[in-house]
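Let me begin by presenting the structure, written as structure tokens, before commenting on it.
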Amino acid sequence: MPLNRCSTFSDGLTIIMKQTCLYKAPFGNITLVFEHGELIALNLHGDLAHAPYPLPDEWQQRLDNYFSGRLKNFGHPISRQGTPFQQKVWQAIAEIPAGEVMSYQDIARKIGSGPRAVGGACGKNPLALVVPCHRVVAKGGLGGFSSGKNTDEALAVKRWLLHHEGIDFA
DNA sequence: GACGAAAGTGTGG
DNA sequence: CCACACTTTCGTC
């Protein structure tokens with residue numbers, strides 16, 4: 001997906017504006033994508049070359065507070081996009097208190113579904129940190145993360161985040 | 001215990 | 001309908 005682009009469609013009326021910003025987190029870079037001034041995605045990786053927009057103060061401070069431990073939950077609404085089921089999963093995840101974890105099955109039972117379906121929805125969560133899918137772990141240990149490549153590094157980030165919130169995993 | 005297979009749910013082709 | 005997913009459980013060895 002192209003970033004930082006204003007697209008004009010053939011009807012000349014529809015315009016999509018995406019602004020991608022960079023934040024330097026302790027474990028690496030984070031990119032935040034804003035569309036029409038609204039945060040629509042937060043990714044746990046990225047580089048400056050693809051995120052030239054300045055980060056809004058509001059989010060700069062929120063992230064600063066989160067990484068310094070003063071802020072635990074962002075209190076930001078979950079992504080409006082996604083299927084109804086995904087919304088339910090994300091909502092349930094967003095309600096997990098900081099410092100606690102739930103298994104995929106816990107989430108599944110909470111919303112009357114199955115663990116694998118929950119995992120699938122987690123993988124599609126566009127708002128990392130805001131919707132703390134890193135607090136969802138497998139039953140016998142740390143589950144997966146980032147649904148694809150960089151699994152090693154992504155898992156390291158998941159561990160980092162959990163540890164940051166006071167949870168240690170073997 | 002460890003390992004493989006199947007279960008069961010939602011999504012995409 | 002089929003294959004897949006950030007899983008879990010069950011049956012064997």
Side-chain angles (χ1 to χ4, degrees), chain A residues 1-3 7 9 14 16 18 20 22-33 35 38-47 50-51 59 62-63 66-67 69 71-170:
Chain A
M1 167 186 5
L3 306 170
S7 305
F9 288 84
T14 308
I16 295 178
K18 282 187 180 172
T20 306
L22 188 77
Y23 180 89
K24 290 178 174 50
F27 55 79
N29 289 332
I30 289 176
T31 48
L32 298 88
V33 183
E35 184 171 307
E38 200 172 346
L39 179 71
I40 61 161
L42 195 163
N43 302 306
L44 266 31
H45 52 79
D47 62 275
H50 293 131
W59 281 97
R62 275 190 194 175
L63 290 168
Y66 175 80
F67 286 113
L71 177 70
K72 289 300 186 186
N73 291 297
F74 288 89
H76 188 269
I78 64 176
S79 175
R80 191 179 40 67
Q81 47 188 26
T83 68
F85 172 76
Q86 285 162 358
Q87 306 249 353
K88 278 202 295 189
V89 174
W90 299 337
Q91 185 59 52
I93 294 174
E95 288 169 4
I96 302 177
E100 291 184 27
V101 294
M102 282 194 186
S103 72
Y104 292 97
Q105 190 180 59
D106 288 338
I107 302 290
R109 283 211 313 185
K110 188 179 170 68
I111 64 177
S113 177
R116 300 192 71 177
V118 172
C122 281
K124 284 190 176 176
N125 168 35
L127 294 171
L129 291 188
V130 174
V131 175
C133 50
H134 57 274
R135 288 179 199 149
V136 184
V137 298
K139 206 175 183 184
L142 186 76
F145 205 51
S146 191
S147 173
K149 49 192 286 187
N150 286 357
T151 302
D152 288 343
E153 233 176 286
L155 282 177
V157 174
K158 184 172 183 175
R159 273 204 174 83
W160 192 98
L161 291 170
L162 288 173
H163 185 264
H164 176 63
E165 297 178 355
I167 303 163
D168 251 332
F169 266 83

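Note that this is a predicted model, so its numbers are computed, not measured. Below, chain A is the first sequence line, B the second, and so on; all start at residue 1.
A/Arg109 has its CZ atom 14 Å from the C1' atom of C/dT9, to the nearest Å. Atom pair A/Leu142:CG and C/dT8:P shows a separation of 12 Å (rounding to whole Å applied). When rounded to the nearest whole Å, the span between CG of A/Leu155 and P of C/dT7 equals 10 Å. Protein atom CZ of A/Phe145 is 13 Å distant from nucleotide atom P of C/dT7, rounded to whole Å. Computed from coordinates, the A/Trp90 CH2 to C/dC6 P distance equals 14 Å when rounded to whole Å.
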Distance-only criterion, 3.5 Å: show the donor-acceptor pairs between side-chain atoms of residues 121-141 of chain A and protein atoms not counting sequence neighbours.
residue  : atom : partner  : partner atom : Å
A/Asn125 : OD1  : A/Leu127 : N            : 2.9
A/Asn125 : ND2  : A/Leu127 : O            : 3.3
A/Asn125 : ND2  : A/Val131 : O            : 3.1
A/His134 : NE2  : A/Glu165 : OE2          : 3.1
A/Arg135 : NE   : A/Glu165 : OE1          : 2.8
A/Arg135 : NH1  : A/Asn73  : OD1          : 3.2
A/Arg135 : NH1  : A/Ile96  : O            : 3.0
A/Arg135 : NH2  : A/Lys72  : O            : 3.3
A/Arg135 : NH2  : A/Glu165 : OE2          : 3.1

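When all heavy atoms of A/Leu44 and A/Phe145 are compared, the pair lying nearest together is CD2-CE2, 3.7 Å. A pairwise comparison of heavy atoms in A/Leu161 and A/Phe27 identifies CD2-CE2, 3.9 Å as the closest pair.
Note that the CZ atom of A/Arg109 and the CD atom of A/Gln105 stand 6.0 Å from one another [nearest 0.5 Å]. Considering CD of A/Glu153 and NZ of A/Lys158, their distance stands at 16.0 Å, rounded to 0.5 Å. Taken to the nearest 0.5 Å, the CD1 atom of A/Ile111 stands 11.5 Å off from the CD atom of A/Gln87. Rounding to the nearest 0.5 Å gives a distance of 9.5 Å between CG of A/Asn43 and CD1 of A/Ile30.
Contacts between residues 118-137 of chain A and DNA chain C, defined by a heavy-atom separation below 4.0 Å, involve A/Gly119, A/Cys122, A/Gly123, A/Cys133, listed by number. Within residues 75-88 of chain A, no residue has any heavy atom under 4.0 Å from DNA chain C. Near DNA chain C, meaning a heavy atom under 4.0 Å away, the residues from residues 93-104 of chain A are A/Ser103, A/Tyr104.
The aromatic rings of A/Tyr23 and A/Phe67 sit parallel, their planes meeting at an angle under 30°, below the 60° perpendicular limit.
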Mind running side chain to side chain contact (heavy atoms under 4.5 Å, CB included) on A/Ile40 and A/Lys18 for me, showing each step along the way?
CA-CA 9 Å; A/Ile40 61 161; A/Lys18 282 187 180 172; 4.2 Å; yes
Go through the steps for A/Phe169 and A/Leu155 under the test side chain to side chain contact (heavy atoms under 4.5 Å, CB included), then give the verdict.
CA-CA 11 Å; A/Phe169 266 83; A/Leu155 282 177; over 6 Å; no
Does A/His50 form a side chain to side chain contact (heavy atoms under 4.5 Å, CB included) with A/Thr20? I'd like the steps, not just the answer.
CA-CA 7 Å; A/His50 293 131; A/Thr20 306; 5.8 Å; no
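B/dC3 and C/dC6: their P atoms are spaced 22 Å apart (whole Å).
For the side-chain contact (heavy atoms from CB on, under 4.5 Å) test, residues two or more places apart in sequence or in another chain that qualify with A/His163 are A/Asp168.
With pairs defined as Watson-Crick or G-U wobble and both atom distances under 3.5 Å, the stems of at least three pairs that touch DNA chain C come out as B:1-7 with C:7-13, B:9-13 with C:1-5.
No side-chain donor-acceptor contact under 3.5 Å links A/Asn29 to the backbone of A/Asp47.
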